[in-house]
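Excluded from the calculations below are hydrogen atoms, water molecules and symmetry mates; all remaining heavy atoms, backbone and side chain alike, are included. Computed from a predicted model, the values in this text were never measured in an experiment.
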Amino acid sequence: MDLLHKARLAPLLPGVYIFYGKNKEYIYVGKAKRLRNRLLSYFNRSNGKYSKKIQAIVNEAEELDYIVVSNEREALLLEANLIFNHKPKYNVMLKDAEFYPYIKITKELFPAVQIVRRRSTGGEYFGPYTDVKFVKDLIDCLQQVYQFRTCRRDMSKSTKPCMEFYMHRCAAPCTGDLEPDSYINSSIQPLRRVLNGDISETLDLIKEKMKKHAKMMDFENAAKYRDLLVKFENVMQRQGVVLEQWRNLDVIGRFKNSYAVLRIRGGHVVGKLSYELDSTKLEDFIFHYYMVGKNELPEAVILERNINFDAEIYFGRPRDKLEEELLHKARENAKNQAYTSGLRKDLLNKMVKVLNLNRYPMKIEGFDVSHLHGKLTVASVVVFFDGLPRKNEYRHYRFNSDRIDDFLTLKELVKRRYSKHELPDMIFVDGGTGQINAVVEALMEIGKECDVVGLAKQNEIVCTRFGELILPFDSPILRTLVRIRDEAHRFANSFHRKLRRKSALNSILDEIPGIGPKRKKKLIEAFGSVKNIRSATLQEIAEVLGSRKLAAEILSRL
C-alpha cells in the first residue's frame with residue numbers, strides 16, 4: 001500500500017503519525033488533531049506550508065503508520081515520548097551548546113548513584129548541571145553523609161564489601177545484610193530531597209553529627225564532620241547564591257533561536273545551560289526541554305511572557321524584582337550564546353574555503369596514536385560537533401602489535417572504525433602528508449571517501465590532500481586544529497598512562513608468591529595503581545586479600 005493511499009484511509013481523529021525509513025527507523029514523528037487532514041497535507045504540493053523538509057520526509061519514507069488517541073493532550077505526550085526514545089532524523093531537536101552531566105539514580109532493588117552525560121529510559125535523573133566538577137564534589141559530600149552505593153556490582157549476589165564500606169562511604173548492600181526499604185529510606189530518599197533543592201536537612205544532619213562527636217570528646221570524627229560541612233557549603237556556594245533558600249525555579253531567557261536556562265535549587269544556581277532550537281517560539285522550547293527532554297519541573301518557570309502549559313506549576317513573567325534580575329541574566333546568557341554560535345558557524349564556513357573541503361565540517365573526528373617503543377600501542381578518536389567537543393563520543397582503541405609504525409596503526413584504526421561507524425564530515429590526523437596518505441589509502445580499501453586534514457607538529461603546517469598551507473599563528477582555523485590535535489593527544493596519553501600503571505602493577509604482583517589471578521584482580525579493582533597500594537595501610541590491603549601475611553609481603557616489596 002503506498003503512503004498516499006494510507007494517508008487517505010486515516011481517520012479524522014486526534015493521534016500521532018510516524019514516517020519510517022528503509023530500515024524501519026523513525027525519520028519523523030508528528031501529532032495531529034485530525035490525522036487524515038494532516039497526513040494528506042504532506043502530499044499536497046500546492047499547500048502554502050509545503051517545504052523542502054516535508055519533501056525530504058516524503059521522498060525518504062518507506063512506510064507510514066499512525067496511532068489514534070483520545071485527545072490532543074494524549075497525542076502531545078505520545079509524540080514527546082516517541083521523539084525522546086527514537087530521536088527521528090527530521091524532527092526539530094533541542095541542541096545542547098555543551099554536553100551537560102546528570103545525576104542518575106538507577107532503577108534497582110538497591111539503587112546506585114551515577115554521573116552520566118545522556119538520559120535514557122531507565123532510572124531517575126536529576127539535572128542537567130553545568131559543571132561536572134560541581135556534580136562530582138556534590139556526590140562526594142553526600143555519599144559521606146548518606147552512604148549510597150556508586151558501584152556497578154550485581155546486587156543479586158552477596159559479596160564482601162569493597163573499600164567504600166570501610167571508608168564509611170557505602171552501607172554495603174552487596175553483603176546481603178541490608179533490607180531494600182532500609183537502604184532506600186536512609187540513603188536514597190535524603191539524596192532525592194537534596195537534589196530537589198532541600199539542603200537544610202543535610203546541613204542540620206552534618207552539624208548534629210559534628211556536635212554529637214564533640215560532646216563525646218571524639219574530636220577526630222568531629223573534625224571530619226566540620227570539614228565536610230565546610231566543603232558542602234563551599235560546593236553549593238561556588239555555583240552562585242540566591243538570597244532566599246526556599247526558591248526552586250527555572251529561569252529561561254531567549255535571544256533569537258538561542259535559549260539559556262538558569263536552574264535554581266534551594267536558593268543556589270546549580271546550572272547555567274545553553275541551547276539552540278530551530279524555532280523562536282517559547283512554547284516549542286518548553287515542549288522539547290520538559291516533555292521531550294524529560295527534565296525535572298521545578299516549582300515555577302520564569303519566562304519573558306505568560307504561557308499556557310499543561311502542568312500544575314507557574315509558567316510566566318517574573319513575580320518580583322529578584323526574578324526580573326534573574327531573567328535579565330538568562331537573556332544575556334542567551335545573547336552571548338547566539339554570538340559565539342555565530343562565530344563558530346563563520347569559522348567552519350571559512351574552513352570549507354581555506355582547506356578546500358567538500359563538505360561543511362559539522363562533525364570532525366580527530367586521531368592520535370601513542371605507544372612506548374612500540375609497546376602498549378593505543379589510538380584515540382575525539383569528536384567535535386559544530387565546533388564543540390562531544391566527550392561522550394570519544395573512543396580508545398588498543399592494538400596488539402609491537403611495531404613502531406604509526407602509518408600502519410592509522411590504517412588499522414581507520415578500517416576498524418569506519419567499517420562499523422558512519423564517516424564524519426572531516427577526519428583530522430596528528431601528522432603530515434604521510435599520515436594523511438595512510439588514512440586516505442585505508443578509506444579507499446574499504447570503499448569510502450572523506451576529507452582528511454593533518455597538522456605537522458614542528459612548524460604547525462596544515463596539510464591537506466592538495467598540499468601544505470602555512471596559516472598565521474593567530475588564525476582561528478589554525479587554533480581550532482591545534483585544539484583538536486591537543487585534545488586527541490591528551491585523550492590518547494591519558495589512556496596510555498593508565499595502561500602503563502596497570503602493566504606495572506601486574507608485573508609487580510606476578511612476582512609475589514600467593515598472588516594469583518583472583519587476588520590480583522581484587523587488588524587492581526580496589527587500588528588501581530602501585531602508588532595507591534603503597535599509600536594504603538596494612539589493614540586496608542588485608543581486608544581486600546583476606547590475609548595480613550600477604551598484605552605485609554606486598555608492602556615489603558613496594
Side-chain angles (χ1 to χ4, degrees), residues 92-103 119 125-135 138 195-197 199 235-309 311 313-345 386 388:
V92 173
M93 300 300 288
L94 194 62
K95 292 176 279 190
D96 301 1
E98 297 179 34
F99 282 80
Y100 300 115
Y102 290 83
I103 294 173
R119 298 180 59 124
Y125 292 83
F126 295 87
Y129 298 90
T130 310
D131 183 0
V132 72
K133 187 177 187 304
F134 161 74
V135 177
L138 180 62
L195 298 180
N196 281 320
I199 65 170
V235 165
M236 296 304 296
Q237 290 175 4
R238 193 171 68 227
Q239 293 298 105
V241 181
V242 178
L243 294 178
E244 299 92 351
Q245 289 193 356
W246 52 264
R247 290 191 191 254
N248 290 304
L249 50 90
D250 287 347
V251 183
I252 300 174
R254 180 188 65 83
F255 183 81
K256 296 181 179 179
N257 67 331
S258 291
Y259 298 82
V261 181
L262 300 183
R263 296 186 64 247
I264 296 155
R265 299 294 184 271
H268 295 81
V269 180
V270 298
K272 298 176 184 177
L273 316 169
S274 298
Y275 298 93
E276 289 182 9
L277 183 69
D278 294 336
S279 172
T280 58
K281 291 177 62 178
L282 269 173
E283 289 84 353
D284 289 343
F285 179 82
I286 296 297
F287 171 73
H288 281 88
Y289 184 75
Y290 291 109
M291 298 191 69
V292 176
K294 299 187 184 298
N295 289 308
E296 62 187 279
L297 278 166
E299 295 168 5
V301 178
I302 306 304
L303 306 162
E304 62 189 36
R305 59 182 171 82
N306 295 340
I307 67 169
N308 292 320
F309 191 69
I313 66 168
Y314 178 77
F315 277 86
R317 294 177 56 79
R319 298 164 294 182
D320 56 33
K321 188 174 180 180
L322 179 58
E323 290 180 355
E324 284 181 5
E325 292 174 357
L326 290 169
L327 181 59
H328 176 72
K329 289 180 182 178
R331 283 173 176 161
E332 287 299 311
N333 276 278
K335 191 174 182 179
N336 289 335
Q337 167 59 25
Y339 175 70
T340 56
S341 176
L343 289 179
R344 287 199 311 273
K345 286 177 172 58
D386 198 19
L388 296 172

Neighbour count >12 (heavy atoms, 6.0 Å) for atom NZ, Lys345 = yes
request  = Without swapping roles, check the side chain of Arg317 against the backbone of Glu304 for a donor-acceptor pair under 3.5 Å.
outcome  = yes
message = Quick check: do Leu282 and Phe287 have side-chain heavy atoms less than 4.5 Å from each other?
response = no
task = Enter the distance from Ile252:CD1 to Asn333:CG here, rounded to the nearest 0.5 Å.
result = 13.0 Å
message = Counting neighbours of CG on Asp320 that are heavy atoms of other residues, nucleotides or ligands and sit closer than 6.0 Å, is the number greater than 12?
response = yes
Flag side-chain contact, heavy atom, 4.5 Å: Arg247 against Leu322 = yes
request  = Taking all heavy atoms of Lys256 and all of Thr280, pick out the closest pair and write down the distance.
outcome  = O-CG2, 3.4 Å
query = Between atom CD of Gln337 and atom OG of Ser258, what is the distance when rounded to the nearest 0.5 Å?
reply = 5.0 Å
inquiry  = Does the Lys NZ or Arg CZ of Arg319 fall within the cation-pi geometry relative to Tyr314 - under 6.0 Å from the ring centre and within 45° of the axis?
reply    = yes
ask   = So do Leu195 and Tyr129 actually touch side chain to side chain, heavy atoms under 4.5 Å?
value = yes
Derivation of the side-chain contact (heavy atoms from CB on, under 4.5 Å) call for Asp386 and Arg344 = CA-CA 7 Å; Asp386 198 19; Arg344 287 199 311 273; 3.7 Å; yes
note = On a heavy-atom basis, the closest approach of Ala334 and Gly253 is CB-O, 3.7 Å
query = What's the verdict on ring-ring contact (aromatic ring centres under 6.0 Å, His included) for Tyr259 and Phe285, showing C-alpha distance, side-chain angles and the deciding distance?
reply = CA-CA 8 Å; Tyr259 298 82; Phe285 179 82; 4.4 Å; yes
query = Just wondering, are more than 12 heavy atoms of other shown residues or ligands nearer than 6.0 Å to NZ in Lys294?
reply = yes
message = Would you compute the distance between atom CD1 of Ile103 and atom CG of Leu138 and round it to the nearest 0.5 angstrom?
response = 5.0 Å
ask   = Does Arg263 reach the side chain of Val269, with side-chain heavy atoms less than 4.5 Å apart?
value = no
query = Ring centres of Tyr275 and Tyr289 under 6.0 Å apart?
reply = yes
query = If you take all heavy atoms of Asn248 and Pro298, which pair is closest and at what distance?
reply = O-CB, 3.7 Å
inquiry  = A side-chain contact here means heavy atoms from C-beta on lying under 4.5 Å apart; do Asn196 and Arg265 qualify?
reply    = no
request  = Provide the closest heavy-atom pair for Tyr290 versus Glu296 in the form atom of the first, atom of the second, distance.
outcome  = CE2-O, 3.6 Å
request  = Taking Asp250 for its side chain and Val301 for its backbone only, find out whether a donor-acceptor pair lies under 3.5 Å.
outcome  = no
request  = Kindly indicate whether the side chain of Ile264, heavy atoms from C-beta on, has any atom under 4.5 Å from the side chain of Val251.
outcome  = yes
message = Give me the atom names and distance for the closest heavy-atom approach of Ile307 to Arg305.
response = CG2-NH1, 3.4 Å
request  = Find the distance between CD1 (Ile286) and NZ (Lys281) and round it off to the nearest 0.5 Å.
outcome  = 12.5 Å
request  = For the pair His328 (side chain) and Glu324 (backbone), establish whether a donor and an acceptor sit closer than 3.5 Å, ignoring hydrogens and angles.
outcome  = no
query = Between CG of Leu303 and CD of Glu323, what distance do you get to the nearest 0.5 Å?
reply = 10.5 Å
query = From Leu249 CG over to Ile313 CD1, what is the distance, rounded to the nearest 0.5 angstrom?
reply = 10.0 Å
query = Is the closest side-chain heavy-atom distance between Tyr102 and Asn295 below 4.5 Å?
reply = yes
